[in-house]
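Structure first, commentary second.
Reminder, nothing fancy here: chain letters follow the sequence lines and each chain counts from 1. Nothing here was measured: the structure is a model prediction, and the numbers come from that model.
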There are 2 protein chains.
Amino acid sequence: MSAADFPLALNTGTTPNLDLRQAVEATAEAGLTHIGPWRHLLDGAGGAEAAAKIIAEAGLKASTLCRGGFLTATGPQARAAALESNRAAIREAATIGTDSLIMVVGGLPAAAHVLGGEGDRADKDIAGARARVGDRLAELVPYAQEHGVKLVLEPLHPMYAADRAVLSTLGQALDITAPLPADAVAVVVDTFHVYWDPQVREQIARAGAEGRLASYQVCDFNLPIASDALKSRGMMGDGYIDFASLSAWTAQAGYTGPVEVEIFNAEINNQDAKTTLATMKERYAELVLPHLEAAGANAPANAAAGL
Amino acid sequence: MSAADFPLALNTGTTPNLDLRQAVEATAEAGLTHIGPWRHLLDGAGGAEAAAKIIAEAGLKASTLCRGGFLTATGPQARAAALESNRAAIREAATIGTDSLIMVVGGLPAAAHVLGGEGDRADKDIAGARARVGDRLAELVPYAQEHGVKLVLEPLHPMYAADRAVLSTLGQALDITAPLPADAVAVVVDTFHVYWDPQVREQIARAGAEGRLASYQVCDFNLPIASDALKSRGMMGDGYIDFASLSAWTAQAGYTGPVEVEIFNAEINNQDAKTTLATMKERYAELVLPHLEAAGANAPANAAAGL
């Protein structure tokens, strides 16, 4: 395995002050080959086709599209709206040339700032919310398959279970995908979200064995937790995550492909993007890539082939 | 099952401005029968024997002692200090008349503000830290048994995995207890820490079946997460936890005994303790107790007997 098997990618959540063209230019100037844009940057660029052109003209490829999801609503109108939004996201992913639509599945209806449904305010039934995620995914599968796009479930750190994602572990995400085809529903390993999980090694291996390991995202877990808890992510090496182990397990599970850096952190988000990209490259080369390369060399052939 | 099977208890973490005597008086005045003190209140009262007298003279019983733990150090001196501190905590628990010493097992050595070891700064090996927890528990078991005290492992919310507890789920805590005797090592279900866990129902049942369900603590999970993340706990009903389900599952697993309310929350911690206790009683009677009583009536006899 060589560095070419694990190209570093910028997730545009790391550089929220840049529009798509600026983010693409910064990524290309830093010598990276992949970018994972958020949907609002596509809108800002004039739509997915214009965005695809901007990305391609800079010689880049899209690693993922962030994001679809928010599938936990109970009411028929909110459910229909969620499906419509996700179908649009599937089309956008296909248009910009990625097969990976990252999915943040949504929180409890009681967390009204997410779903906005006044009638849902009292619903704290997390098991019920998870069941609805499975139902909505099944409804989206045919559309995803038609467009050659995978719905890539992102288990989020349990600190976001109430308001953002009732999927908290890789094992749980894989359980939800079990009845659904692997060419349409997969998972992403994001180090921030899963590093603490006592089952993470086994579940990364399972994701690989089941052909559902679609993306690897890296950033660190900083302490103290930021006053805006969403922004507790850190540059690799600044926090408490053991990237050697997680990267080795991911490569051993057969993952090859772009490795995105997605950091929500007030200081990093507001500094010059060149600085951010330069530090990303250094830390990735030091803390992540060597462990992907070494372990990937020993990965099973079937997993490496994405089977 | 009646309310007497599930007496409400004040954990003194909820009223941090009160010394032991004040907390005992407020608890008794509110009509509660149990209190779960933190160790520093025993010190402030002149030691465990003096504390035991204060508690007994008010007609109260100690539900737990908070807390032992912090067992993840790598160096021999820090390990010896941790064992010595835990042996003292075991003696104190016995002296104040509780058989439950709550254990927060400790975080990564790299989180130096916990362990203080300069040489440990680079250690982010969470699996290694968990293994040391098991080793230290095994060393403490004979002393705990001699004193009739259980080491009650508290899986903490994963947001505290790096700096406070490398045990994040009930399943993981029960796995660690497996080689150790059930009369010496048990677990506590704290709603704040475990509500998000997709396996929580099964693991509460398992804790009961294995005779290791030693304590039930209730408080809510508030949003947004507080700027001091430790203080994100809320009064039952103010956040996003489904107390009906968790309480039913705990009683179905055979738990009877005190139900502690432990809330770290800047507003609640600084308001008048009478107000806090009055609200606790109301919310407990409304949101928690009915589900304990109803489900407990159907609990298996062997579990209800604590076997």
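- When heavy atoms are compared at a cutoff of 4.5 Å, B:R130 approaches chain A solely by way of its side chain, counted from C-beta outward.
- With a 6.0 Å radius and a threshold of 12 heavy atoms from other residues, nucleotides or ligands, B:Q271 has its CD atom above the threshold.
- Heavy-atom pairs under 4.5 Å with chain A peak, among B:P198, B:A127, B:G171, at B:P198.
- Interface residue B:I126: only side-chain heavy atoms are found under 4.5 Å from chain A.
- Looking at B:D228, there are no atoms closer than 4.5 Å to chain A (heavy atoms on both sides), in backbone or side chain.
- In this structure, the portion of B:T169 lying under 4.5 Å from any heavy atom of chain A is its side chain and not its backbone.
- With contacts defined as side-chain heavy-atom distances shorter than 4.5 Å, the pair B:Q172/B:Q199 does not qualify.
- A:I241 and A:C219 make their closest contact through CD1-O, 3.5 Å (heavy atoms, listed as atom of the first residue, atom of the second, distance).
- If you measure heavy-atom distances from B:L230 to chain A, you find no contacts under 4.5 Å at all.
- For A:R233 (side chain) and A:F192 (main-chain N/O), no donor-acceptor pair under 3.5 Å exists by modelled atom type.
- Considering only heavy-atom pairs separated by less than 4.5 Å from chain B, the leading option among A:S245, A:A226, A:S227, A:A244 is A:S227.
- Side-chain contact, A:Y216 with A:S247: a donor N or O sits under 3.5 Å from an acceptor N or O.
- One N or O on the side chain of B:R283 and one on the backbone of B:M236 form a donor-acceptor pair closer than 3.5 Å.
- With hydrogens and angles ignored, the 3.5 Å screen pairs a side-chain donor or acceptor of A:D220 with a backbone N or O of A:Y240.
- Within the 4.5 angstrom heavy-atom criterion, no atom of B:P224 approaches chain A.
- Residue B:F243 does not touch chain A at all, counting heavy-atom pairs closer than 4.5 Å.
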